[in-house]
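Chain letters run A, B, ... following the sequence lines, proteins first, then strands; residues in each count from 1.
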Number of protein chains: 2
Amino acid sequence: METYNDQLSGRVMLPVLGQPAAERSDAARNRQALLAVAQTIVASSGVAALSMDGLAAQAGVGVGTVYRRFKDRAGLAYALLDHGERRFQEEFLFGSPPLGPGAPPIARIRAFLHAYIDRLDTQAELHLFAECHAPTARFRSGAYQTHRAHLALLLTQARPDISANYLADALLALLGAGLFLHQRRELHLTTNQMKAGLDQLLNCLDAATEPNATRTLDAERH
Amino acid sequence: METYNDQLSGRVMLPVLGQPAAERSDAARNRQALLAVAQTIVASSGVAALSMDGLAAQAGVGVGTVYRRFKDRAGLAYALLDHGERRFQEEFLFGSPPLGPGAPPIARIRAFLHAYIDRLDTQAELHLFAECHAPTARFRSGAYQTHRAHLALLLTQARPDISANYLADALLALLGAGLFLHQRRELHLTTNQMKAGLDQLLNCLDAATEPNATRTLDAERH
DNA sequence: ACTCTAAACGGAGAAGCATCCGCTTCGACT
DNA sequence: AGTCGAAGCGGATGCTTCTCCGTTTAGAGT
């Protein structure tokens with residue numbers, strides 16, 4: 001029933017409307033403490049070692065508190081990813097090209113995919129952890145929605161003839177943590193090889209542009 | 001450490017080499033009984049209601065037995081998917097075209113994707129269950145390896161200029177149970193719409209064939 | 001029929017997730 | 001400073017997964 005829209009949100013874009021009643025100071029303190037401890041655990045022993053009970057114990061709070069703050073295991077994971085996600089969003093929404101505005105659509109998409117791969121390179125386990133413990137949540141999360149909207153917008157510009165939303169979902173599927181880890185651990189691909197693979201597909205998209213479709217809205221053909 | 005290679009295997013293709021020492025009769029009996037009970041539970045109450053303890057209780061065996069037979073939750077799920085997977089493999093390996101041999105590569109790929117979507121339509125929850133409880137296992141499973149090899153072979157014929165293995169993984173990523181359920185539940189797509197989406201992408205692949213690359217190995221250009 | 005051993009069985013127990021609910025505390029408003 | 005209600009706290013509790021290990025049994029060889 002509940003979603004993780006608050007975590008990892010597209011809040012960056014939202015006006016300060018009905019801020020859902022700011023956290024009480026003790027609550028905020030606990031959240032920070034818990035996040036700090038959680039990060040330490042993950043850094044030192046890996047995500048597998050991160051348990052709700054253990055976290056509560058190490059942070060010196062009751063388990064109830066952990067659940068109140070983070071809802072569940074997946075919520076905790078999303079909270080841990082949130083900082084990086086915010087920065088990422090700022091970069092592709094407001095940063096400098098080619099990731100940020102200013103570059104042609106295909107270039108921005110490419111930059112987005114590359115940047116995403118780089119994030120996975122350091123955080124794939126955490127992403128996987130989050131995805132697995134709330135399987136449908138990835139798609140409902142604010143982060144996913146934002147990424148999807150971003151890609152869909154760019155794709156509409158690059159390929160007005162293809163369903164942009166579908167394509168956006170497709171591209172994001174290629175960035176799933178499970179696939180990434182498989183490619184890294186089993187196939188021993190480097191991030192550069194993955195990027196190259198994605199580039200190939202993008203080239204495909206670019207090359208296959210229908211002759212009568214406008215490739216970019218305002219660029220002349222030559 | 002362990003994998004699920006035995007479940008959902010490409011055994012279809014394997015000669016009768018070192019059959020891993022046939023099951024003892026009591027073991028086989030228990031496996032059948034457990035699978036039957038598990039299927040009943042899933043059919044009547046959904047995958048969420050399928051617990052190892054409950055299964056053991058309902059089947060009248062100890063939990064240890066369940067774990068010995070199926071290794072873990074994910075293993076049980078894979079075992080439940082196994083029957084259908086065998087039939088699916090037979091169809092795309094030996095069945096009639098366009099799914100089976102005889103049709104041109106792109107047509108076979110399309111047929112494969114469509115058939116996969118149809119399977120997901122009835123079994124997505126079980127697939128998701130399996131994927132989530134052994135996140136990396138999907139990629140290591142015999143089923144995945146077989147699907148991947150199949151697609152890679154066809155892709156090599158259709159697009160010798162693109163890394164077939166990478167593309168195969170990409171296509172299979174689009175068939176993840178998580179994405180499927182998201183598209184069905186959240187976006188209210190029909191299976192036909194999903195198939196259409198996949199077709200669009202395939203058309204892209206087809207259309208973007210490099211002019212100097214041979215589209216099919218022995219077809220003349222005109 | 002008897003023996004013997006690898007395989008299978010069963011269930012107690014450890015550990016984790018999540019909930020519930022009575023108690024405590026913050027902080028807004030007098 | 002004092003009141004008061006919403007929000008937060010915590011840990012007992014229940015349920016589940018999975019492991020471990022002592023006991024039992026199938027079935028091959030004699």
Write out a two-atom table: protein N or O, nucleotide N or O from nucleotides 18-22 of chain D, distance below 3.5 Å.
unit_1 : atom_1 : unit_2  : atom_2 : d
D:dC18 : OP2    : B:Arg73 : N      : 3.1

Just how far, in rounded Å, is P of C:dT19 from CZ of A:Phe70? 16 Å
Salt bridge present between A:Asp82 and A:Arg86 (N-O < 4.0 angstrom): yes
Could you check whether A:Phe180 and A:Tyr116 have their ring centres less than 6.0 Å apart? no
For B:Val42, does its backbone N or O pair with a side-chain atom of B:Ser45 as donor and acceptor, under 3.5 Å? no
For nucleotides 28-30 of chain D, give me every protein contact, N/O to N/O, under 3.5 Å, one pair per line with atom names.
none

Checking side-chain polar atoms at under 3.5 Å, does A:Tyr144 have a donor or acceptor matched by the opposite partner on A:Asp169? yes
pair A:Phe129-A:Leu80: side-chain heavy atoms closer than 4.5 Å: no
Can any side-chain N or O of B:Arg73 pair as donor or acceptor with the backbone N or O of B:Met52 at less than 3.5 Å? no
Round to the nearest Å and state the distance from A:Leu55 atom CG to C:dA15 atom P. 18 Å
Smallest separation among heavy atoms of A:Leu187 and B:Arg148, with atom names: CD1-NH2, 3.6 Å
Please tell me which of B:Leu50 and A:Ala28 maps to the more 5' nucleotide of DNA chain D, matching each residue to the nucleotide holding its nearest heavy atom. A:Ala28
What is the separation between atom CZ on B:Phe129 and atom P on D:dT16, rounded to the nearest whole Å? 12 Å
Which label fits B:Phe88 and B:Phe112: parallel for a plane angle under 30°, tilted from 30 to 60°, or perpendicular past 60°? tilted
Between A:Thr65 and D:dG10, is there a side-chain N or O to OP1/OP2 distance below 4.0 Å? yes
Mark up nucleotides 22-30 of chain C, 5' to 3', with B wherever a protein heavy atom is under 4.0 angstrom from a base atom, S wherever such an atom reaches only the sugar-phosphate, and - elsewhere. ---BBS---
Expressed in angstrom and rounded to an integer, what is the separation of B:Leu76 atom CG from D:dT16 atom C1'? 14 Å
Salt bridge or not between A:Glu131 and A:Arg140? Use side-chain N to carboxylate O under 4.0 Å. no
May I ask you to decide if B:Ala152's main-chain N or O and B:Thr156's side chain share a donor-acceptor pair within less than 3.5 Å? yes
For side chain to side chain donor-acceptor pair (under 3.5 Å), just list the numbers for B:His147 and B:Glu85, CA-CA rounded to whole Å, side-chain angles, deciding distance to a tenth of an Å, and then say yes or no. CA-CA 10 Å; B:His147 299 164; B:Glu85 173 61 26; 2.7 Å; yes
